[in-house]
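By convention in this document, chain letters (A, B, ...) are assigned in the order of the sequence lines, proteins followed by strands, and residues within each chain are numbered from 1.
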Amino acid sequence: MVVDGIGASVKRKEDLRFLSGRGNYVDDMNRPGQAYAQFLRSDQPHGKINKVDISAALKMPGVVAIFTGDDFAAVGGVPCGWQIHSKDGSPMVEPRHPVLAAGKVRHVGDPIAMVVAETKQQAKDAAEAIVLDIETLPAVAGLTAALAQGAPLVHDEAPGNVCFDWHIGDKAAVEAGFAKAHKIVRLDLINNRLVPNAMEPRAAIGDYDVSSGEYTLYTTSQNPHVIRLLMGAFVLSIPEHKLRVVAPDVGGGFGSKIFHYAEEAALTWAAGKLQRPIKWTADRTEAFITDAHGRDHISTAELALDAEGHFMALKVNTQANMGAYLSTFAPSVPTYLSATLLAGVYKTPAIYAEVKAVFTNTVPVDAYRGAGRPEATFLVERIVDVAAREMNMDKVEIRKKNFIPKEAFPYQTPIALQYDSGDYMATFDGCLKAADYAGFEARRRASAAKGKLRGIGISTYVEACGIAPSAVAGALGARAGLYEVANIRVHPTGSVTVFTGAHSHGQGHETTFAQLVSEQLGVAHDMIDIVHGDTGKVPFGMGTYGSRSLSVGGSAMVKAMDKIIAKGKKIAAHLMEADVHDIEFKDGKFSVMGTDKAKTFGEIALTAYVPHNYPIEELEPGLEETAFYDPKNFTYPGGCHIAEVEIDPDTGTVSMLNFTAVDDIGRVINPMIVEGQIQGGVAQGIGQALLEHAIYDESGQLLSGSMMDYTMPRADDIPNISVGTEVTLCTHNPLGSKGVGEVGAIGSPPAVINAVVDALRDYGVRHVDMPATPAKIWAMIEAYQPKMAAE
Amino acid sequence: MYDFTYAKPATIADAARALTGDAEAKALAGGMTFIPVLKQRLNKPSAIIDLSALGLAGIKLEGDKLVIGAMTTHGAVAASAEVKKAIPALAELAGNIGDRQVRYRGTIGGSLANNDPSACYPAAVLALGATIKTNERSIAADDYFQGMFTTALNPNEIITEVHFPVPQNAAYTKFANPASRYAMVGVFVAKTAGGVRVAITGAGQNGVFRHAGFEAALAKSFTPDALNGIATPADEMNADIHGSAAYRAHLVGVMAKRAVAAAM
């Protein structure tokens, strides 16, 4: 028997079907008698709907039905799952988000009508035949415009377009720190808006079984149970036992598939009305204008330092773009997922942050890989670099001087979080060595000899993930618990099916989780199946985001397997006529300590299901256990990323030469999958730093609305990424794992921008906003040397 | 995509007839621009006349001219031993258009008929002083390009071949748009028997153009430094989210110097 447990680079079990075209995605699925939906969407950023005339469209060939906003007046709006309170204690402004636009359209892409027809083509044809009378209203797209005096209102109930005005931290302590400061460094930063662009666009099928009265929604989701909860309880009033949500193979999410989207509710509701399955698959254009975007913050940061370069206080003011409606987790992103991370890896004693969330006539903005933590990390690691320069200190020295020392854990930050473990000096020194930081000046000179500007950039970061302790999340505004669930079913012959509430959309769970089972129960991989993504099979779950699947979902599996082993010991004690306290379980065998008596895991499983010789008075037959695991704290992965870039001063082009990451993600289950996760996250971080930007014009039209203008990173944009790990264990979950899904995207952007600014050190450049495009860099170089234009 | 009828004629005469008889009919070459346009329902042709069975693909050297059939794919041009020998810059240009999939479908004739202002081939055709052969006539490159997406072609005229005079030296340098990887600025420099010709694609508001200032300077001295101090007027350049007109004007100079260095 081969056991590939914790620490083995087991090849991904799921890849055979993905790489050979045998994946089962929503668009691969078809239901008998299925019709097709097409959404007619607003091409205007803001407008008053005077009339939606469907009369001609209804007569088009193949049309089954056409629904508009009026049809959804009686159902609930698309809910928001997190409530923030403003400084004055008032709850955030939470305008109704109708399933189909009612009264007004508020962003390009807002759905106005849903056409259901026999074929996709017929649905598209009929959608074009709908006659719209929409009166254009003035729109606001950017944060500054939305907050300007007299700006047009996105929602009448949100004066000044403000959703909430929140704060955290000790303002008085910060002011005291500033009063005593030797120097105050100030920096204005923009965290650029991004389009998630998962490879698979969103898709859904609504289905209704007349005989059972049961609805089924097949959807591209990272968390089917959450969709069932939000859609069933808040939008359509369908009780859980009559609503099944299936999220089969899903081709990437990066956060954008966490949220409950209006299309899911529209399709499910219409399937009931029409008593037919209805399918919809977004095209890439729809993805650009309907999938929740990421980031889009404007911040001002001020760091107070003493004469030796110790950080004394940090003050941050952030404006966060929410888009036109509140998406599922949007309010949590700039607040509890971002501002609470402003301590970073430093012992800054006083921190105060204010966050104003703002409505605009743009696509809703919500969690995108890292969700708030990349924004905080970018801010902290940029201002630390600026402070080092303005204090004439070395950027390595200023970090080491301010690190939270490893002896200080558990460490209570001044803004809510308590870091459980870490060793920032270890990851930093490891990364400096791996990146040959000491040899950089020689490399810089070699580049200079070729006329190129070389720069090196450091980011030392910590993040909070593995969300979340339910009570803490609830106190902070979450409207759900954030535990995870595992059901372990041991079959009579000893094979194992794991039903997990986590969801795999590229993460490799079918392999990693099988390794956990193999390690703990001693069962071979080909005897283990991981089942996820179906509320009809998995008892419950909160899904996959916030790097939580292993630390929370995996911990639930460990707890469930503990129960399996405990029950197995009782069965083994009975069979071997020993005291249960004398039974030990190891390497797949139950044995009586100090003897050679033993029963295999398979023998115990068979006995549980064929209980002829069985303690039937004290123990139920069967071998299946469920555990709900609610984490005691967040987990705190951290580490160091170092980027090395070369700039061509003639064109402004930034070339990524090397990228080195040394991360502490706690216990590693599958090093190969971990390396892939970090490389993927870093690739997205490089994308944010150098390439990607969702740009709206002033009127609210998305200018970078296709791959022709939105720069997704390609393979040749990404350098070799060297990945290393230094391990301190998470102290509060049974695996000691911290999570790896987001660290790459969190740690990397400031490393890249710090490298770009370093490369431009001779050009008077203090800061570069992302993305550092060639045009932007050239303009900075040009501004420094205005006479050389005609060269 | 909207419904249309599809025909794949076997002769140029049949293809021309099909296009002439139906004002809404459109010719299909490689389809690398046209098919995405159809899929987005931005064009509604009555009929599509597929030119792939007309025998228009092929590469041959005829005396001092390189003749490339209109339906020859970018991939075939990039891989051709004849092209690499006669005009290596042209093979390199073709080898950097789009991605591998595009290069195996996209054609030189399709690119020239479309005349996208950011396409690479127009720069080569104009700088090399090529001749566009059609089913009706021959058109000199200087007469062919008439602004973005506009050419001298009559509505139903079919490009059959492109005749490239073999230059003494030539090179193409492209500064790619970071997102689309089309030319944000592409400069083709050619030193020919008839003088130095420099064509710029991607940058100008009216599509591909010749740079008279660069040509005059390079005629005196075919060196990168000859271009020092010669301005490209920014007010004739494109501006968009990827770069200002001033940036493009600057890049024209940078890319031209690099092209000259590569051609020397």
Give the member of Glu692(A), Met708(A), His693(A) that has the highest number of heavy-atom pairs under 4.5 Å with chain B.
-> Met708(A)
Test applied, side-chain hydrogen bond (donor to acceptor under 3.5 Å, both in side chains); reference residue, His242(B); option that passes from Thr773(A), Thr711(A), Asp709(A) | Asp709(A)
Return the option, out of Pro774(A), Ala779(A), Ser704(A), with the maximum number of heavy-atom pairs under 4.5 Å with chain B.
-> Pro774(A)
How many angstroms lie between atom OH of Tyr710(A) and atom OG of Ser180(B), to the nearest 0.5 angstrom?
-> 15.5 Å
What do you reckon, is CG of Asp235(B) surrounded by more than 12 foreign heavy atoms closer than 6.0 Å?
-> yes
Taking 4.0 angstrom as the limit, do Asp283(A) and Arg41(B) come out as a salt bridge?
-> no
What residue, out of Asp697(A), Thr285(A), Leu691(A), Asp648(A), has the most heavy-atom pairs lying under 4.5 Å from chain B?
-> Asp648(A)
Is the number of heavy atoms from other residues, nucleotides or ligands within 6.0 Å of CZ (Arg210(B)) greater than 12?
-> yes
Crowded around Phe149(B) CZ? As in, over 12 foreign heavy atoms under 6.0 Å?
-> yes
Can you say whether Met707(A) sits under 4.5 Å from chain B via the side chain, the backbone, both, or neither, judging by heavy atoms?
-> backbone
Under 4.5 Å, heavy atom to heavy atom: which of residues 117-128 of chain A reach chain B? Give them by number, or say none.
-> Gln121(A), Lys124(A), Asp125(A), Glu128(A)
Given that the side chain runs from C-beta out, which part of Met184(B) has a heavy atom under 4.5 Å from chain A: side chain, backbone, both or neither?
-> neither
Give a yes or no on this: more than 12 heavy atoms of other residues, nucleotides or ligands lie within 6.0 Å of atom NZ of Lys450(A).
-> yes
Decide, yes or no, whether a salt bridge links Arg181(B) with Asp716(A) under the criterion of side-chain N to carboxylate O below 4.0 Å.
-> yes
Pairing of Asp650(A) and Arg258(B) as salt bridge, 4.0 angstrom limit = yes
Least distance between heavy atoms, Gly243(B) atom then Ala775(A) atom | CA-CB, 3.9 Å
Is it the backbone or the side chain of Thr653(A) that comes under 4.5 Å from a heavy atom of chain B, or both, or neither?
-> side chain
Between Phe175(B) and chain A, which part of the residue has a heavy atom less than 4.5 Å away: side chain, backbone, both or neither?
-> side chain
Interatomic spacing from CG in Leu703(A) to CD1 in Ile241(B) - rounded to 0.5 Å = 6.0 Å
Above 12 or not: heavy atoms from other molecules or residues under 6.0 Å from CD of Gln146(B)?
-> yes
Side chain, backbone, both or neither: which part of Asp3(B) has an atom under 4.5 Å from a heavy atom of chain A?
-> neither
